[in-house]
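A quick write-up on the structure given underneath.
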Amino acid sequence: MEKTSSNTFFITTPIYYVNDKPHIGSALTTVTADFLARFYRLDGKKVFFAVGTDEHGSKIAQAAALAGKTPEDFVKILSLNFKQNWQNLNISFDDFIRTEEDRHKKAVILFLSKLKDSEYIYKGSYRGFYCNGCESFYEKTDLDENGNCKIHRQPVKLIEEENWFFALSRFSDILKEKIASNQIYIFPENRKNEILSFLNQGLKDVSISRQSVFWGIPLPFDQNQITYVWIDALINYISIIGFGQNEEMFYQFWPANLHLLGKDIARFHCIIWPALLLAVGLKPPQALFVHSFFTVEGKKMSKSLSNIISPSELIDKFGVDGTRYLLLKSLPRENDSDIQMKKLEDTYNADLKFGLGNLFSRVLTVALKHNIKNINPSKEDFPDLQKQVIQNINNYFEAIKTIDTEKAISAILHNITLVDILFDREKPWSLKIDEPKLKNIINFSIENLRLLSILIFPLMPETSFKIRKVLGLDTFEKLPTGALEKRLSWGYEKMTITSEIKHLFE
RNA sequence: CGCGGGGUGGAGCAAUGGCAGCUCGUUGGGCUCAUAACCCAAAGGUUGGCGGUUCGAGUCCGCCCCCCGCAACCA
């Protein structure tokens with residue numbers, strides 16, 4: 001079945017496993033998704049932006065027991081923590097799904113029933129190394145040099161149990177074809193190539209259930225087996241838009257336009273998930289963006305190194321918008337990239353405090369010094385520079401198509417520089433009030449600020465609003481189709497400088 | 001020889017075979033409207049190594065060295 005509307009945009013982040021805390025990695029994915037969601041709302045799309053938490057599995061059950069809580073109470077608190085973190089980062093999600101919610105469980109049960117009805121499910125046996133302490137299975141590669149569990153340093157047992165299997169192997173060719181032809185568009189390209197080369201080796205079937213786990217969703221056709229958490233988790237992408245419960249909404253948004261994810265979970269999303277969907281007759285997602293990881297001061301982020309940076313640490317230092325900006329500018333695409341506090345501070349100062357912030361102050365100070373409050377930009381205000389501004393805006397749009405946030409930001413910075421150069425060249429502060437050039441300079445600069453306020457909105461919504469308020473402009477989070485282009489045209493509206501100037505960034 | 005990506009000034013990146021550029025940082029100068037801000041300039045490179053093709057190679061070819069990603073149920 002086709003999507004019922006071509007104007008919708010369904011975008012997701014992974015649902016985060018509640019056993020880990022939110023860190024700058026999960027914040028990175030989430031902020032990037034928010035940037036896109038906000039952009040597409042401005043661009044006239046009907047956006048559905050989904051986030052959530054993954055709450056099942058034996059690890060959670062153990063952690064809950066350790067904390068002396070029931071799993072239900074335990075995950076509720078942890079899930080809320082994620083939600084609050086995203087709210088703190090001003091994430092404009094449209095819905096937040098928890099795998100413990102009834103609506104999700106219902107969707108999982110329906111999905112698995114359909115899967116069972118397909119010819120792709122069979123019973124087989126699963127072999128793995130079982131650690132009593134962890135109550136979970138490991139692969140050989142997960143064990144330490146003595147073949148013991150890394151956490152408990154205890155010997156593990158090779159256990160074989162009956163599981164239900166999904167015939168993933170039968171999807172190799174169809175997936176290859178769809179990915180190679182970009183019907184399932186995986187990018188950046190290196191990730192697509194990786195997935196394709198993996199597919200070329202042929203796929204093995206995967207087990208979709210566990211016997212030894214109790215915290216999860218029982219299979220509808222075998223109550224003794226619990227749905228394997230990954231299968232459970234992936235289904236969130238359809239349960240959140242009403243799979244099996246709200247058909248109208250579901251077909252409005254499915255297939256997803258874009259799944260965002262980190263490279264660690266590329267396989268599940270690029271192979272297993274599309275195969276599962278195809279098995280039950282649903283369309284695979286249209287696009288998957290796989291980003292790379294941050295290292296911190298040259299080292300992998302890990303609990304054992306205790307070098308994990310939390311979003312709140314960055315917010316304390318750089319504010320919400322500053323944090324969003326720095327994450328987006330640092331988004332690692334093809335390769336991992338290194339985060340260093342010193343560098344983040346440098347970037348914050350150069351781009352925000354002394355770039356955008358300083359520009360805002362100097363432009364408004366000069367305008368008010370000459371008592372110019374009413375701004376009416378025209379095509380005659382430095383047409384050569386206008387051309388460059390428009391070129392940069394085009395570059396910004398192009399960059400967003402490929403989720404190249406660094407390039408999008410670079411386009412914004414270029415427009416800031418244009419005004420700084422103009423000021424230095426024309427020295428408006430020294431001009432007399434009746435010199436016609438003065439008006440052109442102020443017009444150009446303020447109009448550029450207006451355009452910037454729109455361009456930065458998806459990145460830094462609060463800062464955008466601050467600028468607009470001072471310029472006497474309305475604020476908005478979504479626009480009808482085609483309206484963004486109009487609003488980005490030179491001289492779209494008159495402005496009146498209304499309030500006192502405050503610094504944008506401290 | 002498992003598959004794939006890459007090695008370019010201190011950092012991050014860019015260059016259909018045609019003067020090796022951009023952003024940040026550093027240094028010097030200018031300016032003083034602006035948040036020690038802004039503008040200009042300079043320094044800084046044998047483009048990982050060796051060889052080859054070519055009038056001309058970061059770019060093409062061969063060999064070598066080094067880094068990184070992926071190699072399945074880690075939720």
Side-chain angles (χ1 to χ4, degrees), chain A residues 14-20 53-60 99 126-128 134 136-143 150-151 163 165-166 168 188-198 200-208 210 213 216 228-234 263-268 271-272 290 292-293 295 329-330 332 334-338 340 342-343 346-347 349-370 406-407 409-410 413-414 416-417 419-431 441 445 501-506:
Chain A
I15 53 172
Y16 301 107
Y17 200 54
V18 288
N19 212 26
D20 293 320
T53 43
D54 180 11
E55 311 183 357
H56 292 138
S58 49
K59 274 193 188 172
I60 305 287
T99 55
Y126 173 85
R127 265 158 61 107
C134 299
S136 60
F137 284 100
Y138 292 108
E139 283 295 300
K140 216 176 231 166
T141 48
D142 300 323
L143 304 174
K150 277 183 183 166
I151 298 159
N163 280 162
F165 278 75
F166 171 57
L168 182 65
E189 210 179 348
N190 62 334
R191 298 298 163 196
K192 172 180 165 180
N193 293 338
E194 264 174 31
I195 295 291
L196 281 174
S197 102
F198 182 71
N200 278 330
Q201 299 162 38
L203 295 171
K204 282 185 191 163
D205 295 348
V206 291
S207 99
I208 59 156
R210 292 286 187 274
V213 177
Y228 175 49
V229 276
W230 255 112
I231 307 299
D232 175 353
L234 287 167
K263 64 179 185 177
D264 55 333
I265 54 178
R267 294 257 168 92
F268 289 98
I271 294 174
I272 298 179
V290 184
S292 298
F293 284 167
T295 53
K329 191 169 183 186
S330 318
E334 284 86 354
N335 302 310
D336 290 357
S337 71
D338 196 43
Q340 293 168 22
K342 172 72 171 63
K343 272 201 213 158
D346 284 349
T347 305
N349 285 337
D351 295 359
L352 297 182
K353 223 171 139 182
F354 305 146
L356 180 59
N358 181 60
L359 178 80
F360 177 80
S361 301
R362 78 187 302 201
V363 167
L364 286 164
T365 305
V366 170
L368 293 181
K369 189 186 164 197
H370 289 101
E406 195 192 348
K407 261 201 190 124
I409 284 172
S410 161
L413 296 176
H414 277 113
I416 291 171
T417 304
V419 180
D420 277 330
I421 292 172
L422 176 70
F423 261 52
D424 202 69
R425 196 175 81 192
E426 305 292 346
K427 304 186 176 20
W429 54 89
S430 63
L431 294 176
I441 297 166
S445 308
I501 301 156
K502 274 181 245 152
H503 289 160
L504 286 179
F505 299 95
E506 298 299 335

For the side chain of [X], counting heavy atoms from C-beta on, which of [options] is nearest?
X	options	result
A:F354	B:rC33, B:rC24, B:rU35	B:rU35
A:K343	B:rU35, B:rG4, B:rA11	B:rA11
A:K204	B:rA72, B:rG25, B:rU35	B:rA72
A:D424	B:rG4, B:rG30, B:rA34	B:rG30
A:R362	B:rC31, B:rG4, B:rA34	B:rA34
A:I421	B:rC39, B:rA37, B:rA71	B:rC39
A:K369	B:rC33, B:rA11, B:rC38	B:rC33

Taking any heavy-atom pair under 4.0 Å as a contact, classify [X]: base, sugar-phosphate, or nothing.
X	answer
A:V366	base
A:G357	base
A:I265	base
A:F423	base
A:L504	base
A:L203	base
A:F505	base
A:G202	base

What distance, rounded to whole Å, do you find between the two [atom1] atoms, one in [N] and one in [M]?
N	M	atom1	result
B:rU16	B:rC60	C1'	13 Å
B:rG18	B:rA57	C1'	10 Å
B:rG7	B:rU46	C1'	16 Å
B:rC67	B:rC61	C1'	24 Å
B:rG45	B:rA37	P	27 Å
B:rG9	B:rA72	C1'	43 Å
B:rG52	B:rG17	P	23 Å
B:rU27	B:rU59	P	35 Å

Inset, instruction - For the residue pair A:T99 and A:I15, establish whether any side-chain heavy-atom pair is separated by less than 4.5 Å. - result: yes

Inset, instruction - Answer whether the closest heavy-atom distance between the side chains of A:I208 and A:N163 falls below 4.5 Å. - result: no

Inset, instruction - Salt-bridge test for A:D338 and A:K343: reply yes if a basic N is under 4.0 Å from a carboxylate O, no otherwise. - result: no

Inset, instruction - Flag the pair A:R191 and A:E194 as a salt bridge only when some basic side-chain nitrogen lies within less than 4.0 angstrom of an acidic carboxylate oxygen. - result: yes

Legend entry - Donor-acceptor pair between A:R362 and A:S445 side chains, under 3.5 angstrom: no

Inset, instruction - Can you see which heavy atom on A:E334 is nearest to which on A:S292, and at what distance? - result: O-OG, 3.1 Å

Pairing check on [N]: which nucleotide meets the Watson-Crick or G-U wobble criteria with it, both distances under 3.5 Å?
N	value
B:rA57	none
B:rA42	B:rU26
B:rG21	B:rC13
B:rC70	B:rG2

Inset, instruction - Report the distance from atom CG of A:N349 to atom P of B:rU26, rounded to the nearest whole Å. - result: 11 Å

Legend entry - Whole angstrom value for the distance that separates P of B:rG25 from NZ of A:K353: 13 Å

Legend entry - A:K427, NZ: over 12 other non-hydrogen atoms inside 6.0 angstrom: yes

Inset, instruction - Return the 5'-most residue of the pair A:I15, A:T417 with respect to RNA chain B, ranking by each residue's nearest nucleotide. - result: A:T417

Legend entry - Derivation of the side chain to side chain contact (heavy atoms under 4.5 Å, CB included) call for A:I60 and A:D54: CA-CA 10 Å; A:I60 305 287; A:D54 180 11; over 6 Å; no

Inset, instruction - Calculate, to the nearest 0.5 Å, the distance between atoms OG1 and CG belonging to A:T347 and A:L352 respectively. - result: 9.0 Å

Inset, instruction - Scan nucleotides 65-70 of chain B nucleotide by nucleotide, 5' to 3', and note B when protein non-hydrogen atoms come under 4.0 Å of the base, S if they reach only the sugar-phosphate, - if neither. - result: ----SS

